[in-house]
There are 2 protein chains.
Amino acid sequence: MTGVPAPPPTLDRIDRKILHELMQDATLPVTQLAERVGLSQTPCWKRVQKLEAAGVITGRVAIVDPVSIGLGLCVFVEIEAADHTPEWRASFAGVVADYPEIQEVHRMAGEVDYLLKVVVSGMSAYDALYLDLTKRVPCRNVTSKFSMERMKSTTVLPIDTSAT
Amino acid sequence: MTGVPAPPPTLDRIDRKILHELMQDATLPVTQLAERVGLSQTPCWKRVQKLEAAGVITGRVAIVDPVSIGLGLCVFVEIEAADHTPEWRASFAGVVADYPEIQEVHRMAGEVDYLLKVVVSGMSAYDALYLDLTKRVPCRNVTSKFSMERMKSTTVLPIDTSAT
DNA sequence: GTTGAAACCAAAATAGG
DNA sequence: CCTATTTTGGTTTCAAC
């Protein structure tokens, strides 16, 4: 028996409302946050602290428009591993962690072993990444799927703020 | 000639350093931000304001751990449109905007027309979304790819902070 | 661009109900 | 949980260089 990673802290309706608000706008002053969730300042502030300490809130970040900073190309990369050993996985994990252009890495069920989301300035930058990555880690197959238009993009998670 | 969406504001090295810092931690006080980018408080603060006004910084948000709030399933959904008309696209855009579970929607090049990233509590929630979505918008084909493990996930974009 | 300082406001911590 | 209060510290603006 391996056990589950962590006992998820129990969040009540007010906690979830707090998260819902802060996921949309982390600049919201505690005063306003408190009235939106139906609490007064002090206990509201304490809940926010608790959610941060518990690792439920992992950070507060600025969201930047990729196009404005010259990152016009988004690519989803499907990878089949050369073999299915713990060693390959560890090596792969280490390599993808190195690239700031790789925004997301998922280990997948089904045909595709890994799915990557990559953000770069353009085709030549992507090709450089592709060549470098496939040099560092052996892949049976790599399929690149190119985004033409980012129609929707949000960091707000679908949290349920109704009922208990 | 249709023209490009917008002339990207020209960002110098200091602007990019500011963005680099704030993408990692938006709680950084202006005082500390200023010294990290090699500026004094006032002009640093003015740059941050300008970057917000120009829409380069689109917001400051709290990042929440999905598992902690019971969102344990992440699915990438590949969709082929029933037809390739502006009407279908508009309808599709409207529908996907409705679902908070849909974090990202990309219009793709190649075989797959659209790629969605979906975050839900589990299989039954995903199936409900799948049934509902395919009822509201006609799809020629839908392929769901399930994430087993989120190995990497960041909102920090790979901005170049060296040279001019 | 710099420094320094004022005015304002929010965060953080405290005490009492 | 609430209100009230205080302290602390950051933001924002301004003046002068």
Side-chain angles (χ1 to χ4, degrees), chain A residues 7-65 68-70 155-156 159-164, chain B residues 7-65 68-70 155-156 159-164:
Chain A
T10 177
L11 305 173
D12 66 10
R13 200 166 97 94
I14 294 178
D15 286 324
R16 292 197 302 268
K17 277 186 175 181
I18 290 173
L19 294 173
H20 181 69
E21 294 297 333
L22 293 183
M23 280 193 288
Q24 288 174 280
D25 183 9
T27 68
L28 196 66
V30 181
T31 322
Q32 288 177 51
L33 178 61
E35 75 182 26
R36 287 197 195 179
V37 304
L39 230 56
S40 62
Q41 252 202 53
T42 309
C44 179
W45 176 80
K46 280 185 181 169
R47 277 170 184 260
V48 174
Q49 298 303 311
K50 226 179 45 177
L51 290 166
E52 274 168 355
V56 177
I57 296 173
T58 59
R60 293 161 188 248
V61 303
I63 300 297
V64 169
D65 170 42
S68 296
I69 58 173
T155 55
V156 180
I159 198 166
D160 182 25
T161 57
S162 61
T164 179
Chain B
T10 177
L11 305 173
D12 65 9
R13 199 165 97 93
I14 294 178
D15 285 324
R16 294 198 301 270
K17 276 186 175 182
I18 290 173
L19 294 173
H20 181 69
E21 293 297 332
L22 293 182
M23 281 193 286
Q24 289 174 277
D25 183 8
T27 67
L28 197 66
V30 183
T31 322
Q32 287 177 53
L33 178 61
E35 74 182 28
R36 287 198 195 180
V37 304
L39 230 57
S40 61
Q41 246 202 59
T42 309
C44 180
W45 177 82
K46 280 185 181 169
R47 277 170 185 261
V48 173
Q49 299 303 311
K50 227 180 43 177
L51 289 167
E52 273 168 356
V56 177
I57 295 175
T58 60
R60 292 162 188 246
V61 304
I63 301 298
V64 170
D65 171 42
S68 295
I69 59 174
T155 56
V156 179
I159 198 167
D160 183 25
T161 56
S162 60
T164 179

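Source: prediction; values computed, not measured. Labels below follow one simple rule: chain letters A, B, ... track the order of the sequence lines, proteins then strands, and each chain is numbered from 1.
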Chemist: Could you check how far CG of B:Leu33 sits from P of D:dG10, rounded to whole Å?
Modeler: 13 Å
Chemist: Closest to the B:Ser40 side chain: C:dT3, D:dT12, C:dA11?
Modeler: C:dT3
Chemist: When rounded to the nearest 0.5 angstrom, what distance separates CG in B:Leu11 from CZ in B:Arg13?
Modeler: 14.0 Å
Chemist: Hey, which of these two, A:Lys46 or A:Gln32, hits DNA chain C nearer its 5' end, going by closest nucleotide?
Modeler: A:Gln32
Chemist: Given atom CD1 of A:Ile14 and atom C1' of D:dC1, what is their separation to the nearest angstrom?
Modeler: 9 Å
Chemist: Using residues 21-28 of chain B as the side-chain source, report each donor-acceptor pair under 3.5 Å to any protein atom, sequence neighbours left out, with the distance given to one decimal.
Modeler:
unit_1	atom_1	unit_2	atom_2	d
B:Glu21	OE1	B:Arg36	NH1	2.9
B:Gln24	OE1	B:His20	NE2	3.3
B:Asp25	OD1	B:Thr27	N	3.0
B:Asp25	OD1	B:Thr27	OG1	2.6
B:Asp25	OD2	B:Thr27	OG1	3.2

Chemist: Which part of the nucleic acid, if any, lies within contact of B:Gln49, taking any heavy atom under 4.0 Å across all strands shown: a base, the sugar-phosphate backbone alone, or nothing?
Modeler: sugar-phosphate
Chemist: Compare the minimum distances between each of C:dA11, D:dC2, C:dT2 and the side chain of A:Thr31, then state the nucleotide with the smallest one.
Modeler: C:dA11
Chemist: Can you find a side chain N or O atom of A:Gln41 that sits less than 4.0 Å from OP1 or OP2 on D:dT3?
Modeler: no
Chemist: Using a 4.0 Å heavy-atom cut-off, does B:Pro29 contact any base of the nucleic acid, only the sugar-phosphate backbone, or nothing at all?
Modeler: sugar-phosphate
Chemist: Rounded to whole Å, please give me the gap between CZ in A:Arg13 and P in D:dC1.
Modeler: 15 Å
Chemist: Within a strict 4.5 Å, meaning less than it, do heavy atoms of the B:Val48 and B:Val30 side chains meet?
Modeler: no
Chemist: Between D:dC1, D:dT11, D:dC2, spot the one nearest the side chain of A:Arg47, thanks.
Modeler: D:dC1
Chemist: Quick one: A:Glu35 CD to D:dT3 P, roughly how many Å, whole number?
Modeler: 12 Å
Chemist: Could you check whether B:Asp15 pairs with B:Arg47 (Lys NZ or Arg NE/NH1/NH2 to Asp/Glu carboxylate O, under 4.0 Å)?
Modeler: yes
Chemist: From the options C:dA11, D:dT12, D:dT11, select the nucleotide whose nearest atom is closest to the side chain of B:Trp45.
Modeler: D:dT12
Chemist: Mark yes or no for a side-chain to base donor-acceptor pair under 3.5 Å between A:Thr42 and D:dA4, with no hydrogen or angle criteria applied.
Modeler: yes
